[in-house]
Amino acid sequence: MAAKAALPLQMVGRRLVQLRSPVTAQNMSALRLSHQRLHSTEKQPEEAAAGSADQKTAATPPEVEKLTKDLAAAKEQNAELLDKYKRSLADSENMRNRLNKQISDAKIFGIQSFCKDLLEVADTLGHATQAVPKDKLNGNADLKNLYEGLTMTRAALLQVFKRHGLEPLDPINQKFDPNQHEALFQKEDKTVEANTVVEVTKLGYKLHERCIRPALVGVSKC
């Protein structure tokens, strides 16, 4: 009876083993499949990142590098050309200002040489009027007419000078100015300060504030 009872138990155990084996194998295969899927899912981002890095590396080659160098060279050339343009613009502006000043000076001082020649005529007329004896004018009508004619001629010439910007310099009792006066001698005079013009032997002239002939003067000394 004991042997008969043990036999069914052994059969039940084998059956359980047989039933357990397929379930375990099936579970194992399912586990392997899920593990493979998980592994492949984890690899996909890495492979995608690696692929994008490879694409970037492949896109960087000679063309991009050449374009970068060309861009840097173009920027440098542009800065150099802009600097040259600004310099040339400043030079042309300075030249234009100089030319305008030269043209303006030519218009104003173009008659300087002509005025210097006429100054000798004015000096001659001045010497002529000064040489006429004033005490004999009333007794000699011809001499008086000559004196008046010379005086009027000199006055008219001075008016022409003034009209064109030419004016005489008479620095008597003024401080000596080497830019407008030329000292011929020194003279003792205690009534004035030192370096004061006490005598004028020849008038000076200026054309539009530019001295074209200094006055010949005598200066006081201490």
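With sequence neighbours excluded, the residues that form a side chain to side chain contact (heavy atoms under 4.5 Å, CB included) with L89 are Y85, S92. The side-chain hydrogen bond (donor to acceptor under 3.5 Å, both in side chains) check on N78 picks up nothing, with sequence neighbours excluded. In this structure K187 satisfies the salt bridge (Lys or Arg N to Asp or Glu O under 4.0 Å) test together with E199, sequence neighbours excluded. E148 meets the side-chain hydrogen bond (donor to acceptor under 3.5 Å, both in side chains) test with no other residue; sequence neighbours excluded. Partners of K66 by side-chain hydrogen bond (donor to acceptor under 3.5 Å, both in side chains), not counting sequence neighbours, listed by chain and number: D70. Legend: residues meeting side-chain hydrogen bond (donor to acceptor under 3.5 Å, both in side chains) with R213, ordered by chain and number and at least two apart, are D123.
In this structure, the side chains of K116 and I212 come closer than 4.5 Å at one or more pairs of heavy atoms. P133 is listed as a side-chain neighbour of K136, based on a closest heavy-atom distance under 4.5 Å.
K86 NZ to K84 NZ: the interatomic distance, rounded to the nearest 0.5 Å, is 15.0 Å. Summarising the geometry, atom CG belonging to L166 is positioned 8.5 Å from atom CG belonging to L118; distances are rounded to the nearest 0.5 Å. In this structure, CG in L125 is found 11.5 Å from CD in E120, a value given to the nearest 0.5 Å. Taking CD from E80 and CG from D83, the interatomic distance works out to 8.0 Å, rounded to the nearest 0.5 Å.
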Go through the steps to decide whether F161 and L119 satisfy the test side-chain contact (heavy atoms from CB on, under 4.5 Å), and finish with yes or no.
-> CA-CA 9 Å; F161 286 172; L119 293 181; 4.0 Å; yes
Evaluate the criterion side-chain contact (heavy atoms from CB on, under 4.5 Å) for residue pair Y205 and E167; output intermediate values, then yes/no.
-> CA-CA 6 Å; Y205 281 88; E167 297 180 357; 5.9 Å; no
Which is it for V121 and L157 under the side-chain contact (heavy atoms from CB on, under 4.5 Å) test, yes or no, and what are the steps along the way?
-> CA-CA 9 Å; V121 178; L157 184 60; 4.1 Å; yes
Which is it for D142 and L146 under the side-chain contact (heavy atoms from CB on, under 4.5 Å) test, yes or no, and what are the steps along the way?
-> CA-CA 6 Å; D142 293 334; L146 177 61; over 6 Å; no
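Applying the side chain to side chain donor-acceptor pair (under 3.5 Å) test to residues at least two apart or on different chains, none of the pairs has a partner in residues 150-166. Residue pairs satisfying the salt bridge (charged side-chain N to carboxylate O under 4.0 Å, His left out) criterion with at least one member in residues 125-135, sequence neighbours excluded, are absent.
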For residues 94-105, run the donor-acceptor check on the side chains, cut-off 3.5 Å, and write out each pair with its distance to 0.1 Å, sequence neighbours left out.
unit_1, atom_1, unit_2, atom_2, d
N94, ND2, A90, O, 3.2
R96, NH2, E93, OE2, 2.6
N97, ND2, E93, O, 3.3
N100, ND2, R96, O, 3.2
K101, NZ, D105, OD2, 3.0

Please tabulate, for the side chains in residues 168-186, all donor-acceptor contacts under 3.5 angstrom to protein atoms that are two or more places apart in sequence or on a different chain.
unit_1, atom_1, unit_2, atom_2, d
K175, NZ, A194, O, 2.8
D177, OD1, N179, N, 3.1
H181, ND1, D177, N, 2.9

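Here V192 sits in one hydrophobic cluster together with V198; the rule is ILVMFWY side chains under 4.5 Å apart, joined directly or through other members. L143 belongs to a hydrophobic cluster whose remaining members, ordered by chain and number, are V132, L137, Y147; membership requires side-chain heavy atoms of ILVMFWY residues under 4.5 Å apart, directly or through intermediates.
I111 and I108 get closest at one heavy-atom pair: CG1-O, 4.1 Å.
Follow the hydrophobic side-chain contacts under 4.5 Å out from L216 and you never reach V197; the two are in separate clusters.
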